[in-house]
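For this chain, numbers begin at 1 and follow the sequence in order. Note that ligands are numbered from 1 as they come in the structure, with each ligand's atoms numbered from 1 the same way.
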Amino acid sequence: MKLAKNARFATICLHAGQEPDPSTGAIITPIFQTSTYVHEELGKHKGFEYARTQNPTRSALEANLAAIEGGKTSFAFASGMSAVGAIAARLSQGDHVIVTDNTYGGTFRLFDKVLTRYGLTFSYVDTSNLDEVSKAFTPATKLVFVETPTNPVLRLSDIAAIADLAHKHGAVLAVDNTFASPCLQRPIALGADLVMHSTTKYLNGHSDSIGGVVVAIRDEDIEWLRFIQNSAGAILSPFDSWLVLRGTKTLPLRMKAHTANGQALAEFLEKHPKVTRVIYPGLDSHPQRALAKRQMPNGCGGMLSFEVASLEAARKVLNRFKLMSLAESLGGVETLVCHPASMTHASVPPERRAKIGLSDALIRISAGIEDIADLTEDLSQALSGI
Ligand code: P1T
C-alpha cells in the first residue's frame, strides 16, 4: 500500500507509516515485544540490532506521526517530559532559551529546577506579545520554546511571526502542539523547526498510555535526536507505540467531537451567572480570537478554563461533578476537570501563577466526546452548588 502524494489528512492519520506485516499480512502493525534481534551471521542482520535503538512498532508510529505533523522524521519517547528533555539536550552550557511564560507546570519544573543546574538560562516571556519575544533574544539564544494554546490559560502565540524572529537570531523554534493537536494547528507549515507532543493526550486519546514525540525537519536536528534517543534511552515501549498508532487512526473524528463539545461548553459557561470568566480561543471574548481564526482555522479543540468567585467556590464545583472526572491529564475521550493551581501547575510559584492569570478560582476542562447534553447537565448541577 502506497499513500498518494496528495493523500488528505484523515487518510494520512489512518495509513501513514503502516504496511501489512510482511510475514503474515496482518493489517495492524504487530507489537514487536522483543529486546534484541538475531543476526544471521557476524556483520549481517535485517537492520535491527537492539530494541532501544530500533523497534518496528515504534518505527511505524514515528513514520505515522512525522507524516501527520508534516515533518520529515519523528522520535517517540517514554513521556511528553522526556520529549521536552530531548529537545533541551540539543543545547550546551551557556545557551539561552526563550520560553512561553505559561507552559505546562512540568516543563517549567524541568527547565527551572533541573536544566539551570547544567548552565542553561531561561527567559520566561509572554510569547503572545511579539515585542517581548523580540526583546528577549541575547547572543546566546539558541532555542525558542513556545506552547500554544497554553496550559491552562489558553493564550495563543503567533507561530509564523515567532519562527521569523527565531530564525533571524539564529535560533530554533520548537512548538509544544499538545493542546491543539495536528488536526487544528500545523506548526511546521507555519515555520517551526521542531514540534513536540505529549502523546498521552489527543494523539493517543484514550487515557491509557504515557508518551511523547518530537517531530523534526532539519537534518542536523534529526541526526542529534536519533543520537539522544538512543544514548539517553527514554524510548516509547512497543505496546505504547501500538496504542498511540491505534489512537491516531481516529484522531480527526475525535478532534471534531472534542472541538464541538469544547465550543459548546465555553458558550454555555459564558452565559452562566455563577461564572466570572471563560477562556476559550473559539469565543469572541478571547483576546486573540483573530489569531485563533488564522492559526487554528478548523476550530479550537476541547480545552477550556473558567473562573468562579473564589477558591472555596471552585472547590465546591469540583467536588460536585458526577459525569466529569476530577483528574490531571487531558485529551482523552472522557471529560476531565482539574484545578490547575493545586494540581497540574502546583510546581509553578504562586507569584508566577498570578502573573499569567492562573488564579486559585480557575477550573480547567478537557472536553471529552460524550453527548453534549449530558455534559451541560453535569456542569449545571455542579455550578448550582455555589
Ligand atoms: O505527562 P507527559 O506525557 O510527560 O507530558 C507533559 C506535558 C507536556 N506538554 C503539555 C502541554 C502538557 O499538558 C503535558 C502534560 N500535561 C498534563 C499532565 C496536564 O494535566 O496538564
Mind checking who shares a hydrophobic cluster with Ile31, ILVMFWY linked at side-chain heavy-atom distances under 4.5 Å?
->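 Ile31 shares its hydrophobic cluster with Ile27, Ile28, Phe239, Trp242, Leu243.
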Let me know which of His39, Glu40, Gln54 forms a side chain to side chain donor-acceptor pair (under 3.5 Å) with Lys46.
->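 Testing each of His39, Glu40, Gln54 against Lys46, the sole residue satisfying side chain to side chain donor-acceptor pair (under 3.5 Å) is Glu40.
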Test Thr150 against every option in Asp126, Asn102, Asp101 by the side chain to side chain donor-acceptor pair (under 3.5 Å) rule and name the one that passes.
->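 Single side chain to side chain donor-acceptor pair (under 3.5 Å) partner of Thr150 among Asp126, Asn102, Asp101: Asn102.
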Could you tell me the residue and atom name of the protein heavy atom closest to [atom], and the distance to it rounded to 0.1 Å?
atom: atom 6 (C) of ligand 1; result: Tyr104 CE2, 3.6 Å
atom: atom 19 (C) of ligand 1; result: Thr344 CG2, 3.4 Å
atom: atom 2 (P) of ligand 1; result: Gly80 N, 3.4 Å

Which bit of [X] is near ligand 1, meaning a heavy atom under 4.0 Å away: side chain, backbone, both or neither?
X: Val84; answer: neither
X: His345; answer: neither
X: Glu147; answer: side chain

Say whether Arg364, considering both its backbone and side-chain N or O atoms, lies within less than 3.5 Å of an N or O atom on ligand 1.
->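 Yes; at least one N/O pair falls below 3.5 Å.
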Could an N or O of ligand 1 be found under 3.5 Å from any N or O of Glu328, whether backbone or side chain?
->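 N/O-N/O distance under 3.5 Å: no.
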Can you sort out which atoms of ligand 1 are near Leu330, meaning under 4.0 Å from one of its heavy atoms?
->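 Under 4.0 Å from Leu330, ligand 1 has these atoms: 13 (O), 19 (C), 21 (O).
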Can you find a non-hydrogen atom of Gly211 under 4.0 Å from ligand 1?
->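 Under 4.0 Å: yes for Gly211.
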Aromatic Tyr202 / basic Arg254 pairing, under 6.0 angstrom, 45° off normal |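 Arg254 over Tyr202 ring: no.
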Winner among Asn151, Leu110, Thr107, Thr148 once heavy atoms are compared against atom 13 (O) of ligand 1 |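 Ranked by closest heavy atom to atom 13 (O) of ligand 1, first place is Asn151.
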